[in-house]
Amino acid sequence: MATAAVHRIDIPSATEDPSAYVTALLETAGDRDPFEVMAMTPVWAARLFEELPVELIDEVPEAGEWPAAHVVGHLFDVDIVYGFRWRLVATEDDPVYPGYDEELWAPLPRLPFRAMLDAWTGLRAANVALLAALPAADWQRTGRHGEQGGETMEVMIRKVVGHDIAHVNQIYRAIRLVRRNAGLDVARLDETYLGLGLA
């Protein structure tokens with residue numbers, strides 16, 4: 001796969017354009033099975049990280065981009081935030097919840113990478129189990145995002161699906177750049193990513 005052909009998913013800034021952000025996430029999610037994507041996202045990430053030497057795990061791929069390991073920390077944060085929001089919407093009538101600044105959360109102290117990946121995998125499994133057990137009618141319950149406005153549980157879930165896909169793509173691209181910068185081959189990494197069916 002030539003550098004020019006690398007699959008890239010770009011999502012607008014949630015802070016600068018909340019409406020475009022939500023639209024892009026929902027379009028990225030498409031009609032994929034939300035439970036399949038959410039359950040598989042940590043597995044997909046782990047497969048991609050198998051292609052990154054441990055000494056390069058925190059390597060910045062290029063200016064302005066997070067190291068691939070930091071993306072996992074962000075995804076863990078998202079599961080904390082959405083796990084809370086989903087539980088609010090499931091138990092309260094049209095609750096209001098705030099947005100948050102991911103850039104301010106990103107530098108917070110973290111577990112070592114492998115422990116972070118395991119923690120996120122467990123937290124994601126707990127959130128998927130919660131959502132899978134909810135009655136179908138609960139998917140139409142509503143909440144109010146402080147920046148993005150009213151949304152149903154279904155839209156919240158689909159947003160996370162789109163967010164997952166975009167960040168798996170970001171992990172792939174970051175690992176690919178780090179490998180290339182280190183003079184390592186990327187052919188097997190490209191095959192692994194293509195095998196996920198997200199391109």
In terms of hydrophobic clusters joined by side-chain contacts under 4.5 Å, are [X] and [Y] together?
X    : Y    : value
V96  : V89  : no
V54  : V60  : no
I80  : V160 : yes
L177 : V186 : no

Taking side chain as C-beta onward, heavy atoms only, is [X] less than 4.5 Å from [Y]?
X    : Y    : answer
V81  : W105 : yes
L196 : L48  : yes
F113 : F49  : yes
W44  : I171 : no
R32  : L198 : yes
V37  : D33  : no
E59  : P67  : no
T15  : D101 : no

Considering non-hydrogen atoms only, spot the tightest contact between [X] and [Y] and give its length.
X    : Y    : answer
I157 : P34  : CG2-CB, 3.7 Å
D58  : A69  : OD1-CB, 3.6 Å
A106 : W66  : CB-CZ2, 3.7 Å
N127 : G83  : OD1-CA, 3.5 Å
A39  : V43  : O-CG2, 4.1 Å
A46  : L117 : CB-CD2, 4.1 Å

Discussion item. Taking salt bridge (Lys or Arg N to Asp or Glu O under 4.0 Å) as the cut-off, I'd like each qualifying pair that reaches into residues 143-170, sequence neighbours left out, listed once.
Written reply: D94-R144, R124-D164, E151-K159

Discussion item. On the six-membered ring of F84, is R87 placed so that its NZ or CZ lies under 6.0 angstrom from the centre and within 45° of the ring axis?
Written reply: no

Practice prompt. Kindly assign one of parallel, tilted or perpendicular to the pair H167 and H74, based on the angle between their ring planes and the thresholds 30° and 60°.
Written response: perpendicular

Worksheet item: How would you list, by chain and number, every residue that makes a side chain to side chain contact (heavy atoms under 4.5 Å, CB included) with A182, sequence neighbours excluded?
Response: L56, L184

Discussion item. Just to verify, what does D31 make a side chain to side chain contact (heavy atoms under 4.5 Å, CB included) with, not counting sequence neighbours?
Written reply: none

Could you tell me whether the side chain of [X] and the main chain of [Y] form a donor-acceptor pair under 3.5 Å?
X    : Y    : value
R179 : L189 : no
D138 : M153 : no
R141 : E92  : yes

Item to complete: Please step through side-chain hydrogen bond (donor to acceptor under 3.5 Å, both in side chains) for the pair D79 and W120, ending with a clear verdict.
Response: CA-CA 8 Å; D79 263 278; W120 171 48; 3.1 Å; yes

Practice prompt. Output yes when D190 and R188 qualify as a salt bridge under the 4.0 Å nitrogen-oxygen rule, no when they do not.
Written response: no

With distance as the sole criterion, is a donor-acceptor pair present between the side chains of [X] and [Y] under 3.5 Å?
X    : Y    : answer
N181 : R176 : no
Y100 : D77  : no
Y97  : H145 : no

Inter-residue atom distance [X].[atom1] - [Y].[atom2], 0.5 Å rounding:
X    : Y    : atom1 : atom2 : result
I165 : M38  : CD1   : CE    : 11.0 Å
Q170 : L75  : CD    : CG    : 8.5 Å
I9   : E27  : CD1   : CD    : 12.0 Å
L52  : I57  : CG    : CD1   : 5.0 Å
I175 : R180 : CD1   : CZ    : 15.0 Å
H7   : Y172 : NE2   : OH    : 9.5 Å

Discussion item. One pair to check against side-chain contact (heavy atoms from CB on, under 4.5 Å): Y21 and E16. What are the steps and the verdict?
Written reply: CA-CA 9 Å; Y21 172 78; E16 294 173 13; over 6 Å; no

Checking [X] now: which residues fulfil ring-ring contact (aromatic ring centres under 6.0 Å, His included) with it, not counting sequence neighbours?
X   : answer
F76 : none
H70 : none
F35 : W139

Worksheet item: For E62, does the CD atom sit with more than 12 other heavy atoms under 6.0 Å from it, leaving out its own atoms?
Response: yes

Discussion item. Counting only heavy atoms from other residues, nucleotides and ligands, does the tally under 6.0 Å from CG of D93 exceed 12?
Written reply: no

